[in-house]
Amino acid sequence: MSQATLSHSNGSVTHVSSIKSFTPSDIGRIIPAQKAKSLELRLSTAKERITKLKKLKNVIFKYQTEIQKALHADFHKSAREVDISEILPTIGEINDAIKHVKSWMRPVNVSTPITLLGSVSKIVYEPKGVCLIIAPWNYPFHLAVAPIAAAIAAGNTIVLKPSEFTPNTAAIIKTMLAEIFQENEVAVFEGDVSVSTALLEQPFDHIFFTGSTPVGKVVMEAAAKHLTTVTLELGGKSPTIVADDADLKLAAERIMWGKFLNAGQTCVAPDYVLIPKAKVDKFVSFAKEATEKYFKSKEDKFAENPDFCRIINSKNFGRVSSYIDEAVKKGAKVAFGGKLKADENFIAPTILTDVPLDAKIMEDEIFGPLLPIVTYDHLDDAIKIINDKPKPLALYIFSDKAKTAKYILNRTSAGGSVINDVILHLVNSNLPFGGINHSGHGSYHGLFGFKAFSHERSVLQTPKLSIVKLMYPPYTGFVKMIVDSTTRFFV
Ligand code: NAD
């Protein structure tokens, strides 16, 4: 059992096990208790849900310093980056739910066809029930707590399984949630894959999974056994097209920010860049300038900068760094960066040019601070490269012409897109955040998160006198006339 440390704001340090002891009896106790509680929560009012969301917000602020320290202990993430990419978006989601949950919960009246004359139709949002949330390590706080906020807004009970690779963050989330919720409402199961596997055997009412595409398939298969609904927030290679008419300096600045945030370990990081051949040198020079400005140092000193986080573990360090060697062997050039420190799992921000399409770095999701640049002659060639791969979670377009952006949007498919920037679509909770096929099923954020954890139930209230009765058997000539005229004139 490995040990990790948790530093507290008062200077004390707790040792937490990266794999917590776990017994099947925990599942046997908690899931039935949550089932019972979920029946009670079906009746919860907007006011009660808002109270819980406010408690969640307050407890996050109370533990903000501990959260920052936990993420630093887990993978050297700087306090500012924790604030920007973990705390701020989570509070944003909670505030949005606090502001809108009352209207989200309201039944929606819809029109009724003439065949049901006199009836009233509405969509009622009911909580799904007992929900399992499985979270990844790359934004271990936000990707665990933001779905919890949506599930609370929708009136559910929650079992959370955080990632075993960020044990300090998992521990602080557990402490924080235990302070405001009983385990029959929100329970945290720390641990590794075996814990996930045991939980996935249970008949949950919904599973919300954020993680890799291969594990997404495992989750979907397990859910199928109980016909449990799933939301799958997966990964993949998110391409960035820099068009011939793009502002190169702006493109380089924004792509480098998005690529090197969290050391490239972001599901919607720009994975690779497609750019016209003639523009590569200028783009690389702007990219170097921007990166050196962000990390306030020349490329050989990035490791000393406290704002650049590390690769999560030695396994991923080995995987990501091997992409450089393999691509170089196949003819790629390291145009920038390339420095490694294995003892710290450090990989410097790196740009690779002349990358062949059959290099491993162009097949796998990189999930590290490497930016391969692939050139194209015609825009259609770039579009073909994208369409030859599974549909991505995000696709970014840099172009000064609306016509060019529209041309690309119309010919490609992706979970989401940003024109002239990267990543920022997920900041707007009025936009659904999710993938398509290999990059995910379903979406969340704002109303979409509330809907992910709700069942849209159809409710039709009929009058005593119903014209449908005219179509009941026996099927006389009169019934035929009614059906024929309804089919021709009224539907
Ligand atoms: P992962 O799929 O390895 O693990 C995610 C979670 O699933 C962890 O809690 C882990 O314990 C559990 N798990 C792992 N293997 C399992 C198995 N066989 N059965 C059951 N559970 C299992 O993902 P990760 O490495 O933690 O995260 C990185 C991946 O997540 C990347 O592919 C990234 O693109 C994706 N991601 C997607 C989003 C999104 O919003 N779409 C956000 C962040 C990360």
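Order of listing sets the numbers, starting from 1, for every ligand and every atom in it. Counting from 1, the numbers follow the sequence of the chain as shown.
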Undergrad: Once you restrict to heavy atoms under 4.0 Å, what part of Phe433 touches ligand 1? Side chain, backbone, both or neither.
TA: side chain
Undergrad: Checking the N or O distance criterion of under 3.5 Å, is ligand 1 in contact with Asn138?
TA: no
Undergrad: Out of Ala135, Gly216, Ser163, Ser238, who is nearest to atom 6 (C) of ligand 1 when you count heavy atoms only?
TA: Ala135
Undergrad: Considering heavy atoms of the protein only, find what lies nearest to atom 12 (C) of ligand 1 and give residue, atom and distance to 0.1 Å.
TA: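 Looking at atom 12 (C) of ligand 1, the protein heavy atom closest to it is Ser196 OG, 3.7 Å.
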Undergrad: Residue-level breakdown please: for Phe367 versus ligand 1, do any non-hydrogen atoms fall below 4.0 Å on the side chain, on the backbone, on both, or on neither?
TA: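 The answer is the side chain.
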Undergrad: Indicate yes or no: does an N/O atom of Gly211 lie under 3.5 Å from an N/O atom of ligand 1?
TA: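 Yes; at least one N/O pair falls below 3.5 Å.
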Undergrad: Between ligand 1 and Pro136, is the shortest N or O to N or O distance under 3.5 Å?
TA: no
Undergrad: Without swapping roles, check the side chain of His438 against the backbone of Leu234 for a donor-acceptor pair under 3.5 Å.
TA: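 Judged by distance alone, no pair lies under 3.5 Å.
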Undergrad: Looking at Trp137, which atoms of ligand 1 are within less than 4.0 Å of one of its heavy atoms?
TA: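 Near Trp137, meaning under 4.0 Å from one of its heavy atoms, ligand 1 has 24 (P), 25 (O), 26 (O), 27 (O).
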Undergrad: Under 6.0 Å from the six-membered ring centre of Phe317 and within 45° of its axis: does the NZ or CZ of Arg319 meet both?
TA: no
Undergrad: Hey, are Asp325 and Lys329 close enough for a salt bridge, meaning a charged N less than 4.0 Å from a carboxylate O?
TA: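 Not counted as a salt bridge, because no side-chain N and carboxylate O are separated by less than 4.0 Å.
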Undergrad: Which residue holds the protein heavy atom closest to atom 23 (O) of ligand 1, what is that atom called, and what is the gap in Å?
TA: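 Checked against all protein heavy atoms, atom 23 (O) of ligand 1 sits closest to Ser212 N, 3.4 Å.
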Undergrad: Rounded to the nearest 0.5 Å, how far does NE2 of His445 lie from CG of Leu431?
TA: 10.0 Å
Undergrad: Looking at ligand 1, does Pro214 have a heavy atom less than 4.0 Å from it?
TA: no
Undergrad: For Glu365 and ligand 1, does the shortest N/O to N/O distance drop below 3.5 Å?
TA: yes
Undergrad: Checking a contact table here: which protein heavy atom is nearest atom 17 (C) of ligand 1, and how many Å away?
TA: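 The closest one turns out to be Val193 CG1, 3.5 Å.
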Undergrad: Is Asp192 close to ligand 1, meaning an N/O of one under 3.5 Å from an N/O of the other?
TA: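 Checking ligand 1 against Asp192, no N or O pair falls under 3.5 Å apart.
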Undergrad: For Gly435, state whether at least one heavy atom is located under 4.0 Å from any atom of ligand 1.
TA: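 In this structure, Gly435 fails to qualify as a contact of ligand 1 - no heavy atom is under 4.0 Å.
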Undergrad: Starting from atom 22 (C) of ligand 1, find the nearest protein heavy-atom neighbour and note its residue, name and distance.
TA: Val215 CG1, 3.4 Å
Undergrad: Does any N/O atom on Thr213 come nearer than 3.5 Å to any N/O atom on ligand 1?
TA: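 In this structure, Thr213 places no N or O atom under 3.5 Å from an N or O of ligand 1.
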Undergrad: Checking side chain to side chain contact (heavy atoms under 4.5 Å, CB included) between His206 and each of Asn156, Ile133, Thr229, which is the one that passes?
TA: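 Among Asn156, Ile133, Thr229, the one that satisfies the side chain to side chain contact (heavy atoms under 4.5 Å, CB included) with His206 is Thr229.
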Undergrad: Could you tell me whether Glu179 and Lys55 make a salt bridge, using a distance below 4.0 angstrom between a side-chain N and a carboxylate O?
TA: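 Between Lys55 and Glu179 there is no salt bridge, as every charged N stays at least 4.0 Å from the carboxylate O atoms.
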Undergrad: Are any of the N/O atoms on Cys267, whether in the backbone or the side chain, positioned under 3.5 angstrom from an N/O atom of ligand 1?
TA: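 In fact, backbone or side chain, Cys267 has no N or O that close.
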Undergrad: Is a donor on one side and an acceptor on the other found under 3.5 Å between the side chain of Lys391 and the backbone of Thr412?
TA: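 Not a single qualifying donor-acceptor pair exists.
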Undergrad: How does Ala222 reach ligand 1, if at all, at less than 4.0 Å between non-hydrogen atoms: by side chain, backbone, both, or neither?
TA: neither
Undergrad: Knowing that exactly one of Gln68, Lys77, Gln64 qualifies, which makes a side chain to side chain donor-acceptor pair (under 3.5 Å) with Glu86?
TA: Lys77
